[in-house]
Amino acid sequence: MNVATPCNVLMLYPLFLAESFWSFGESCKLMGVRRPAAPLGLITVAAMLPKDWTVRLIDCNTQPLGDEDFAWADVVFTGGMLPQQADTLRLIELCNAAGKPVVVGGPDPTSSPHVYERADFRVLGEAEGVIDEFIAAWESGARSGVFTAPKFQADVTKTPVPRFDLLKFEDYLYLGVQYSRGCPFTCEFCDIIELYGRVPRTKTVEQMFVELETLYRMGYRGHLDFVDDNFIGNKKSLRQFLPQLAEWQRAHGYPFELSTEASVNLADDPELLELMGAANFFGIFVGIESPDPATLVAMRKKQNTRRNIAESIHKIYAAGMLVTAGFIVGFDSEKVSMAEAMIDFIEEAAIPVAMVGLLYALPNTQLTRRLEREGRLHPGHDLAPTIGADQCTDGINFDTLRPLRDILTDYKRVLEHIYSPAAYAGRVDRLMTLLDRSRQRPELAEGDIRSRVGAMETVHRVVTALPEARGPLWQTFMNCAKRDTSSARIAVQMIAAYAHLGPFSRKVIEAIDGRLAALDDKTVIPTAATLDTTAARHLA
């Protein structure tokens, strides 16, 4: 019989090497934090390990990693998403050099396990379904292996409370919790349904309140994000949870201001909107992708064709929740007028924070499999750029049907408009006229990290760093302050976001100019008309 022995586990959260739309570096500096979000996945896995194992967490994005950390560890856990791939591979090599067994897991290793062959252990799929198998193997003396969870079968009602004690709350703009996994839709480009399935599984109400109480008792106050793939994927369960969540918030003095991700059909359900407002939700991320119905049908996002999307967004505003939205440029079915249509929609809907990226065929998606069948997928499509690139600057990892020049030109046009200071400030101003915050708590909870810096100081620091935005942003702030204080507070958050979005959009535009120049250089070569497929792929 094997006797369990204590084990020192070093958990390393890899760097996001590229500055991305979501990094919000300058905005984090304004608030005095290091990163937007904490590593929820690793601290959830940490809670699944034996109680006599000792765990240390180092977020490589917020603190240094030293030789003494490796010396302490018996085993290292790491892994993450595609933008973290390059640093995960670096960490694996550091572990190999230090002679420490390394376990890799998470979304990208699950989607592309072959990329991570240098790791001693690969734990693939949802950890709940396979971690006990790994622990048993480790305690029996195994020092390598591949452990794969059955797909979509993890019982999230058995998922333990994450090890929030491993986090330094002061490093992050917000923390995360998870209520459900999976999404009922079939969007071609999305890997969520490949990783977690189309039948959303939810935790119990009791589980969620244990997690919330844990954070509350630890003294956390502020922005809490439900990281669900689609928060409203299981409406039946949600209708039971939300009224109790609203009551819990009220009884505790509204310690958390909530956000999440949901499909746009949330706007079709006045009851859910009312319940979410009462629970103090202030923000929703919505994947809109394209204003063109034909493109939505082609990408299998038909749920967005059954409504006027701008009106749907306004209904969410009327429930007191601002919308950030995702858009994608580069679909096969796009028309010549795509750029103007996207700009017009973003303006009509009054969405200040619009994440517009180039289409990227993610590993393990319907899109990737189709492009592979059609012979259009680039070699190394599942290898992330090692430095300075994300889907905004390095998207389109396949041969396009539309001329690549047209796609890049349209993309540049969208970014130039929507992140010009005047256009951005104008959308913030219009958003605040549409946002009805009467259901939500008007003020931040005492201890919320976002209250460190006053409204006037925040705006002053942003416009000092970005003098070209001074006039539009100050005018918008003053307009909102005259309406009501709650509106002004949300407007200040949007202005703080522009500290990142303004400069980042200009960096992306510069990178796109570089790609366009590279295309121009190739077109003047006499043999350009006879470029073979490999060369054509290189251009993209």
Side-chain angles (χ1 to χ4, degrees), residues 1-15 39 41-60 65-154 159-160 163 166 191 194-195 363-364 380 382-384 386:
M1 179 178 176
N2 294 315
V3 178
T5 55
C7 182
N8 291 335
V9 179
L10 177 62
M11 290 194 157
L12 301 178
Y13 192 55
L15 284 168
L42 277 178
I43 63 171
T44 302
V45 172
M48 301 176 193
L49 299 178
K51 300 302 180 188
D52 59 350
W53 288 20
T54 304
V55 180
R56 286 186 188 173
L57 170 69
I58 292 179
D59 181 345
C60 296
L65 169 64
D67 292 340
E68 64 279 8
D69 297 306
F70 283 114
W72 171 85
D74 296 314
V75 62
V76 177
F77 280 46
T78 190
M81 298 177 286
L82 182 64
Q84 296 170 285
Q85 184 188 98
D87 198 55
T88 304
L89 297 177
R90 179 186 70 89
L91 293 173
I92 289 170
E93 292 306 319
L94 287 177
C95 292
N96 290 343
K100 297 295 181 179
V102 56
V103 185
V104 69
D108 194 53
T110 297
S111 294
S112 302
H114 58 283
V115 173
Y116 296 89
E117 290 176 343
R118 294 275 292 164
D120 299 286
F121 296 94
R122 284 174 285 175
V123 178
L124 309 177
E126 296 174 272
E128 293 94 338
V130 72
I131 195 70
D132 287 345
E133 185 182 342
F134 161 77
I135 293 167
W138 174 267
E139 293 191 331
S140 69
R143 291 300 175 262
S144 65
V146 178
F147 304 89
T148 304
K151 294 188 77 170
F152 320 145
Q153 294 182 29
T159 302
R163 288 282 307 275
L166 296 174
D191 61 353
E194 309 290 341
L195 291 167
N364 188 34
D382 51 3
L383 297 177
T386 54

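Owing to the predicted nature of the structure, the values given are computational and were not obtained by experimental measurement.
A heavy-atom distance below 4.5 Å is not found between the side chains of Trp138 and Val103. Taking 4.5 Å as the limit, some side-chain heavy atom of Met11 sits within range of a side-chain heavy atom of Val45. Put simply, the side chain of Leu91 does not reach to within 4.5 Å of the side chain of Val102, judged on heavy atoms. Side-chain atoms of Trp53 and Pro6, non-hydrogen and from C-beta on, never get closer than 4.5 Å to each other.
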Go through the steps for Leu94 and Val76 under the test side-chain contact (heavy atoms from CB on, under 4.5 Å), then give the verdict. CA-CA 10 Å; Leu94 287 177; Val76 177; over 6 Å; no

Could you walk me through whether Tyr116 and Phe121 pass the ring pair (Phe, Tyr, Trp, His ring centres under 6.0 Å) check? CA-CA 9 Å; Tyr116 296 89; Phe121 296 94; over 10 Å; no

With side-chain contact (heavy atoms from CB on, under 4.5 Å) as the criterion, how do Ser112 and His114 come out once you've worked through the C-alpha distance, each side chain's angles and the decisive distance to 0.1 Å? CA-CA 5 Å; Ser112 302; His114 58 283; 3.8 Å; yes

Passes side-chain contact (heavy atoms from CB on, under 4.5 Å), Arg163 versus Val55? Steps please. CA-CA 10 Å; Arg163 288 282 307 275; Val55 180; 4.3 Å; yes

With side-chain contact (heavy atoms from CB on, under 4.5 Å) as the criterion, how do Asn96 and Arg118 come out once you've worked through the C-alpha distance, each side chain's angles and the decisive distance to 0.1 Å? CA-CA 8 Å; Asn96 290 343; Arg118 294 275 292 164; 3.6 Å; yes

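Rounding to the nearest 0.5 Å places CG of Leu166 at 9.5 Å from CG of Leu42. Remark: Ile135 CD1 to Met48 CE distance equals 9.5 Å, nearest 0.5 Å. Between atom CD of residue Glu126 and atom OG1 of residue Thr44 there is a gap of 12.0 Å, rounded to the nearest 0.5 Å. Rounding to the nearest 0.5 Å places CE of Met81 at 10.5 Å from CG of Asp191. Put simply, CZ on Arg90 and CG on Leu12 are 9.0 Å apart, with the number rounded to the nearest 0.5 Å. To the nearest 0.5 angstrom, Asp108 atom CG is 5.0 Å from Leu82 atom CG.
In this structure a side-chain-to-backbone donor-acceptor pair under 3.5 Å is present from Asp87 to Leu15. The backbone N or O of Phe147 sits nowhere less than 3.5 Å from a side-chain atom of Arg122 that would complete a donor-acceptor pair. With hydrogens and angles ignored, the 3.5 Å screen pairs no side-chain donor or acceptor of Gln153 with any backbone N or O of Pro150. No donor-acceptor pair under 3.5 Å is formed between the side chain of Ser111 and the backbone N or O of Asn364. In this structure, the side chain of Asn8 does not engage the main chain of Asp74 through any donor-acceptor pair within 3.5 Å. A distance-only check finds no donor-acceptor pair linking the side chain of Thr78 to the backbone of Val104 [under 3.5 Å].
Close placement of the Phe77 and Phe134 rings is indicated, their centers lying within 6.0 Å of each other.
Taking both residues in full, the closest heavy atoms of Ile43 and Leu57 are given as CG2-CD2, 3.8 Å, listed atom of the first, atom of the second, then distance. Across Ala119 and Ile92, no two heavy atoms sit closer than the pair N-CG2, 3.8 Å. Here the closest non-hydrogen pair linking Ala73 and Lys100 is O-NZ, 2.8 Å. Taking every heavy atom of both residues into account, Leu10 and Trp72 meet most closely at N-CZ3, 3.9 Å. Annotation for Val146 and Thr148: closest pair CG1-OG1, 4.0 Å, computed over non-hydrogen atoms. Across all non-hydrogen atoms, the minimal contact from Leu124 to Pro109 is CD2-O, 3.5 Å.
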